[in-house]
Amino acid sequence: MNSFGSKIKLILSDSTLRGRLLFVLGALVLFRLGTTIPVPGVNSEALARFFSGNQFLGLLNVFSGGGLSNLSIFMLGVGPFITGSIIMQLLTIMFPAIKRLYSEEGEAGRRKFTQYSRLLTVPLAIIQGYALLALLENQGVLLHLSLGSKLINVVTIVAGSVLLMWIGELISEYGIGNGVSLIIFAGILAGIPSTVSQLAVNFEASQVPLYLVFLAVALIVTAGVVVVTEAERPIPVTYAKRVRGNKVYGGASTYLPLRLNQAGVMPIIFALSVLLFPQMIAGFLTRVDIFWIKNLSGWVTAALNNAWFYGVAYFFLIFIFTYFYSAITFDPESVATNLQKNGAFIPGIRPGRPTAEHVAFVLYRLTFVGAVFLALIAILPLAMQSLTGLTSLAIGGTGLLIVVSVALEFMKQVGAQLSMREY
C-alpha cells in the first residue's frame with residue numbers, strides 16, 4: 001500500500017507525467033461525449049429491441065466503444081482503422097517493398113506505413129458505414145430517409161471514425177499507452193454499469209450458482225491473463241571481452257527476455273475485426289435481388305451465426321494472428337545482427353545466422369503456448385454462452401480479456417515513465 005501511495009505521489013509531482021495522464025483523460029472524455037451524439041432518424045424503441053440478445057452487434061459495440069448502442073457519430077469506432085492496419089500488415093507478406101518500408105526503413109518508413117493505413121481507413125469506413133446503415137434501416141432501427149439524408153449520415157459517421165482514429169493517435173503520441181486499445185478499453189468500462197443493471201433486472205434466484213461460476217471463471221481468466229502477460233523466457237547473453245589500452249571491457253553476462261505473449265491483445269482485436277467485417281457486409285447483401293449474391297451472403301450469415309463455426313474460426317484466427325503479429329513486431333535477424341555488432345553472443349550458439357535461428361526457434365515455441373492460451377481464453381466465454389444462453393457472458397468475456405491486457409500494458413508504460421524520471 002505504501003509503495004502504491006508513493007507511486008501516486010511521484011505521478012502527481014511529475015509535471016510531464018501528470019500532463020500525459022490528463023491528456024489521456026481529456027481525450028477519453030471527448031470520445032465518450034461523442035458516443036452520446038446520435039445520427040438523425042434513430043428509432044430508439046426499435047434500436048433497443050434489435051440490440052437485445054444480438055451477439056454480433058454486441059461485439060461490434062466493443063469496437064465502437066459503446067458508440068453503436070446509441071447509433072452515435074462514433075458508431076464505427078476504430079474498426080475501419082484496425083481493418084486497414086490488418087490489410088497493410090497482410091500486404092507485408094505479399095509485397096517485399098512494403099515489408100522493407102515497415103521493418104527496414106526506420107521511423108520514417110513506419111510513419112509512411114501508418115499514413116497508408118490512415119488513407120485506407122476512409123474507403124473502408126464508407127463501405128462499413130453504408131452497409132451498417134442499410135442493415136439497420138432494413139431492420140426498422142433507422143427511419144427511411146431521403147438519399148441526401150443517407151449521404152449526410154454516411155459522411156457523418158465516416159468523419160466520426162476518422163476523428164476517433166486521430167484521437168487514438170494523439171493519445172499514443174502525447175499521452176501514455178496505445179490510443180486505439182485505450183479507446184476500446186474505455187468503451188468496455190463504460191458499458192459495465194448497463195451490463196450489471198441488465199443482469200440485475202433479469203436476476204433469478206435459481207441462477208445464483210451460474211453467476212457464482214461465472215465470477216469464479218472471470219477471476220481465473222484474469223489471473224491467467226496476468227500470468228501469461230508477465231511471463232518471460234530469458235535467453236542468456238554474454239558480452240565478449242575487449243582490450244583497449246590497459247583496460248579490459250565486456251565479459252558481462254545478461255539475458256534477452258522473450259515474452260510468452262509477444263503480441264499482447266492485438267490478435268483478439270484483429271480476429272474480431274476479421275469476423276465482424278464480412279458479417280456486416282453479408283447482412284447488408286441479403287437484401288440484394290441478385291440470386292447468387294443473396295445465396296452467398298445468406299450462407300456466410302448462417303455460417304457465422306453458427307456457434308460451433310464461429311468458435312472454431314475465432315480460435316484459429318487468434319492463433320494465426322498471434323504468430324503473425326509476433327513475426328512482425330519481433331525480428332530474430334535484427335536481434336542477431338545487433339548482438340553481433342555489440343560483441344555479444346549466446347553461449348553455445350555461433351553468432352550470425354545460427355543465433356537468429358536459435359532465437360526464432362525459442363520465440364515460435366513460446367508463441368505456440370501463448371497463442372493456444374489466448375485462443376482458449378477467448379472462446380471460453382462463447383462456450384459458456386452456448387451452455388447458459390446468456391449472451392452477455394460471451395461479450396463480457398471478450399471485454400474482460402481486452403481490459404486486463406490493456407490495463408497491464410498501461411501500468412507498464414506508467415512504470416517506464418517513472419523509471420525514466422528517476423534516471
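Taking OG1 of T156 as the start and CD1 of I37 as the end, the distance is 10.5 Å to the nearest 0.5 Å. Note: L133 CG to M75 CE = 5.5 Å, rounded to the nearest 0.5 Å.
Here the side chains of F81 and S117 are in contact, with some heavy-atom distance below 4.5 Å. Using a 4.5 Å heavy-atom threshold, the side chains of E409 and N178 count as separate. When side chains are defined from C-beta on, I188 counts as touching I184, because their heavy atoms get closer than 4.5 Å. Side-chain contact between F368 and T322: absent, with no pair of heavy atoms (C-beta onward) separated by less than 4.5 Å. Residues V312 and F316 have side chains in contact (heavy-atom distance under 4.5 Å, counting atoms from C-beta outward). At least one side-chain heavy atom of I176 sits less than 4.5 Å from a side-chain heavy atom of L17. By the 4.5 Å heavy-atom criterion applied to side chains, I346 and H358 are counted as neighbours. F185 has its side chain within reach of V403: a pair of non-hydrogen atoms, C-beta onward, lies under 4.5 Å apart.
Residues G179 and S172 share a closest heavy-atom pair of N-OG, 2.8 Å.
In this structure, K412 pairs ionically with E230, as a charged nitrogen and a carboxylate oxygen lie closer than 4.0 Å.
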